[in-house]
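We're numbering straight along the sequence, starting at 1.
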Amino acid sequence: RVVRAKKMMVFLIEKLTSDYLLLVVRLMVLLLVILFISHYIACAWFALAGNMLNGLGDSSWVRTHDLEHTDPLRQYVASLHWCLTQFTPATTNIAPTNGQERVFAIIVVIFGLLMFSTFVGSLTSAVNELKKMRSSRTAEEAQITRYMKSKRVPSHICKQIWSYYRRQYFVRKQFTK
């Protein structure tokens with residue numbers, strides 16, 4: 001499934017024509033990867049608590065928060081919530097209650113720091129790319145405006161020039177890729 005999903009994402013990204021949309025898709029893919037990884041970490045966090053409950057230890061975060069006899073969806077959501085708070089500067093009332101959970105939590109916090117830094121770096125990079133794209137277009141438009149003012153081009157012709165320019169700008173962007 002993962003291989004098929006990756007092939008489908010590559011196909012969709014190749015078909016995208018807008019630079020803006022491409023940046024948004026890149027960020028969404030990164031978010032999906034974080035959620036995918038979070039799912040497995042949440043499952044491991046709950047499995048670790050399950051081992052504690054099955055006789056390998058006497059305390060776990062599941063028992064401490066009275067989730068031992070609740071439905072699996074509620075337990076999963078609590079595990080996922082804990083996991084996502086390790087990746088972000090958010091808080092949760094779920095905490096490790098024994099040595100094994102604490103070691104696991106430390107490893108996840110270090111991994112979460114790397115993941116969150118990667119996401120913030122990608123977001124910053126995307127915003128900078130958008131600014132760069134906008135600044136080149138803005139500079140071009142300013143040059144056209146100065147030229148039309150200096151030549152005293154009538155307003156009805158200016159509107160036609162702007163209409164043509166905007167259509168051609170996107171066509172030109174496609175050929176420069």
Selection residues 82-95 - residue pairs positive for salt bridge (charged side-chain N to carboxylate O under 4.0 Å, His left out), sequence neighbours left out: none
Closest non-hydrogen atom pair between Asn98 and Ser59, with its separation: ND2-O, 2.7 Å
Counterpart residues, side chain to side chain donor-acceptor pair (under 3.5 Å), relative to Thr85 (two or more places apart): none
Sequence-distant partners of Asp71, side chain to side chain contact (heavy atoms under 4.5 Å, CB included), two or more places apart: Leu73, Arg74
Whichever hydrophobic residues join Ile106 through chains of side-chain contacts under 4.5 Å: Ile110
For Ala142, side chain to side chain contact (heavy atoms under 4.5 Å, CB included) partners two or more places apart: Arg146
Any Phe104 side-chain heavy atom under 4.5 Å of Gln100 side chain: no
Ile144 side chain near Trp162 side chain, heavy-atom distance below 4.5 Å: yes
Would you be so kind as to tabulate the donor-acceptor pairs closer than 3.5 Å made by side chains of residues 119-133, with sequence neighbours excluded?
| residue | atom | partner | partner atom | Å |
| --- | --- | --- | --- | --- |
| Ser122 | OG | Thr118 | O | 3.0 |
| Thr124 | OG1 | Val120 | O | 2.9 |
| Asn128 | ND2 | Thr124 | O | 3.4 |
| Glu129 | OE2 | Arg26 | NH2 | 3.3 |

Residues clustering with Tyr164 (ILVMFWY side chains joined when closer than 4.5 Å, directly or via others): none
Any donor-acceptor N/O pair, Glu101 side chain to Thr97 backbone, under 3.5 Å: yes
Pairs satisfying salt bridge (charged side-chain N to carboxylate O under 4.0 Å, His left out), at least one member in residues 150-159, at least two apart: none
Co-members of the apolar cluster containing Ile107 [side chain, <4.5 Å]: Val103
Members sharing Tyr147's hydrophobic cluster (side chains within less than 4.5 Å): none
Closest approach of Gln75 to Glu68 (non-hydrogen atoms, all atoms of both residues): NE2-O, 3.4 Å
Listed once per pair and sorted, the salt bridge (charged side-chain N to carboxylate O under 4.0 Å, His left out) pairs that draw on residues 76-89, sequence neighbours left out: none
Enumerate, atom names and distances included, each donor-acceptor pair closer than 3.5 Å involving a side-chain atom of residues 32-48, sequence neighbours excluded.
| residue | atom | partner | partner atom | Å |
| --- | --- | --- | --- | --- |
| Ser38 | OG | Ile34 | O | 2.7 |
| His39 | ND1 | Tyr76 | OH | 2.8 |

